[in-house]
Amino acid sequence: MKIGYPCLNSGLGCTPNRTFRLSSYSIERVKETVQQNLDCLQKTLDFNLKNGLLFFRIGSGLVPFASHPVFKFDWQNYFKKQFQDIGEYIKKNNFRISMHPDQFVVINALDKDIVKRSIKEIDYHCQVLDLMGLCQTAKVQIHIGGVYGNKPESIKRFIQNYKKLSKRIKKRLVIENDHLKYSLRDCLRIHQQAKIPIVFDVFHHYCLNNGESIKRALLFTSKTWTKKDGLLMVDYSSQKKDALKGSHAESIDMKDFKNFISKSKGINFDIMLEIKDKEKSALKAKKCIF
DNA sequence: AGTTGTCAAGCTAGT
DNA sequence: ACTAGCTTGACAACT
């Protein structure tokens, strides 16, 4: 089992997600920003290696506006060496990597332009992992998308659109249960038809489920990952007290986490702690497990 | 130096 | 009708 946190280390004084306003876009600005992001990503991975946090989610903002029409710069070639180097480091030290395109990516949208933009954005994520030379265990996770008042039709549209995706995307794309629309059961149905691996989100499952226990949910989802895909990925968070349902906690609730770990005995997976204080909670969780 | 409004993009539920 | 929440964070223009 590898433990990790998403996108950003809060104590390093740098971010791998620097960006700029679209209005200040220029090739110079891209070169400068992406280089800083890559440097910080390397620094973050160094920290993670030293601290035994071997699961990491690379943020979508690594190359700002990469899939936007204004973007007319061959970043893949310009930064080839840097991406290769980071990829080598990742492979040498046996990191597990994921990426998570944001909420604007909707594969089953009714509007064809939204679908088109979504695919372009997913493709950018896959390009990052491809440039690093990572194998198929490095994944890009998305939610199913919108319901549009008709879930069966929307699921059907998801599967249809999924089937049309390129090989490069299909080998990396995985789906995740969300907290108000598509439950684990919905994801499992989609898996039956499209064979997409499922990232199990513990917190979302707590918000929206059909009565499956944690143990059964982990068993079901772990079976959706083939040897090529690697170990099941699990996202973990807990409810922020006195906030709207679905908002993530500031810091890990160790009682809740221990409870989850005891329920998961016998199943192997990599776990991502989606908690606001990032590496701090990941370190606490690591201490509790090992 | 610190504060605040705003940022490419979508969807849903709660107010 | 509007906003919070989602992986929310980070820029840029202002005090």
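Both backbone and side-chain heavy atoms feed into the values below; hydrogens, waters and symmetry mates do not. Proteins get letters first, then strands, A, B, ... in listed order; numbering begins at 1 in each.
Taking atom P on both C:dC2 and C:dT7, the two are 26 Å apart, rounded to the nearest angstrom. Taking atom P on both C:dG9 and B:dC11, the two are 23 Å apart, rounded to the nearest angstrom. Separating the C1' atom of B:dT6 from that of C:dT3 is a span of 15 Å, rounded to the nearest Å. On the P atoms, C:dT8 is 23 Å away from B:dT3, given to the nearest whole Å. For the P atoms, the distance from C:dC11 to B:dG10 is 23 Å, rounded to whole Å.
Not one side-chain nitrogen or oxygen of A:R117 sits closer than 4.0 Å to the OP1 or OP2 atom of B:dA8. Residue A:R21 places no side-chain N or O under 4.0 Å from the OP1 or OP2 atom of B:dG5. Note on A:S24: a side-chain N or O is less than 4.0 Å away from OP1 or OP2 of C:dA12. When the side-chain nitrogen and oxygen atoms of A:H204 are compared with OP1 and OP2 of C:dT7, one or more of them lie within a distance under 4.0 Å. When the side-chain nitrogen and oxygen atoms of A:T15 are compared with OP1 and OP2 of C:dA10, one or more of them lie within a distance under 4.0 Å.
The side chain of A:S67 lies closest to B:dA8 when the candidates are B:dA8, C:dT7, B:dG10. Among the nucleotides C:dC6, C:dC11, B:dA8, the one closest to the side chain of A:Q103 is C:dC6. Each of B:dA8, C:dC11, C:dT8 was ranked by its minimum atom distance to the side chain of A:K276; first place goes to C:dT8. Among the nucleotides C:dA10, B:dT12, C:dT7, the one closest to the side chain of A:L180 is B:dT12. With B:dG10, C:dT7, C:dC11 as the choices, the nucleotide that has an atom nearest any side-chain atom of A:H143 turns out to be C:dT7. Residue A:Y148 has its side chain nearest to B:dG10 when only B:dG10, C:dC11, B:dA8 are considered.
Straight-line distance from the CG atom of A:L8 to the P atom of C:dA10: 5 Å, rounded to whole Å. What separates NE2 of A:H100 from C1' of C:dG9 is a distance of 16 Å, to the nearest Å. For the pair A:D102 CG and B:dC11 C1', the computed distance is 12 Å after rounding to whole Å. A straight line from NE2 of A:H179 to C1' of C:dA4 spans 10 Å, rounded to a whole angstrom. Rounded to whole angstrom, the span from the CG atom of A:N37 across to the C1' atom of C:dG9 amounts to 12 Å. The CD1 atom of A:I122 sits 18 Å away from the P atom of B:dA9 (whole-angstrom rounding). Look at OH on A:Y25: it is 17 Å from C1' on B:dA9, rounded to the nearest Å. Taking atom CD1 on A:I114 and atom P on B:dA9, their separation rounds to 11 Å, with Å as the unit.
Checking C:dT8 for Watson-Crick or G-U wobble geometry (two distances, each under 3.5 Å) identifies no partner in any strand. Taking a pair to require two hydrogen-bonding distances under 3.5 Å in either a Watson-Crick or a G-U wobble arrangement, B:dA8 remains unpaired. Across all strands shown, C:dA1 pairs with B:dT15; the Watson-Crick or G-U wobble distances both stay below 3.5 Å.
Here A:F104 does not lie in a stacked arrangement on the base of B:dG10, lacking the combination of planes under 30° and ring centres under 5.5 Å apart.
Within the nucleic acid shown, A:V147 comes within 4.0 Å of sugar-phosphate atoms alone, with no base atom in reach, counting heavy atoms only. Across all strands shown, A:P69 has no heavy atoms under 4.0 Å from either base or sugar-phosphate atoms. A:N17 comes within contact range of the sugar-phosphate backbone alone, with a heavy-atom separation under 4.0 Å but no base atom that close.
Side-chain contact annotation: A:D235 with A:Q141, donor-acceptor N/O pair under 3.5 Å present.
Side-chain contact between A:I289 and A:M1 is present, with at least one heavy-atom pair separated by less than 4.5 Å. Side-chain contact between A:I122 and A:L173 is present, with at least one heavy-atom pair separated by less than 4.5 Å.
Enclosure of atom NZ in A:K31 by more than 12 non-hydrogen atoms of other residues, nucleotides or ligands within 6.0 angstrom is indicated.
A:K151 forms a cation-pi arrangement with A:Y182, by the criterion of a distance under 6.0 Å to the ring centre and an angle within 45° of the ring axis.
A ring-centre distance under 6.0 Å is found for A:Y5 and A:F56. For A:W225 and A:F200, the gap between ring centers reaches or exceeds 6.0 Å.
When the nearest nucleotides of DNA chain C are assigned to A:I275 and A:F20 by heavy-atom distance, the more 5′-ward of the two goes with A:I275.
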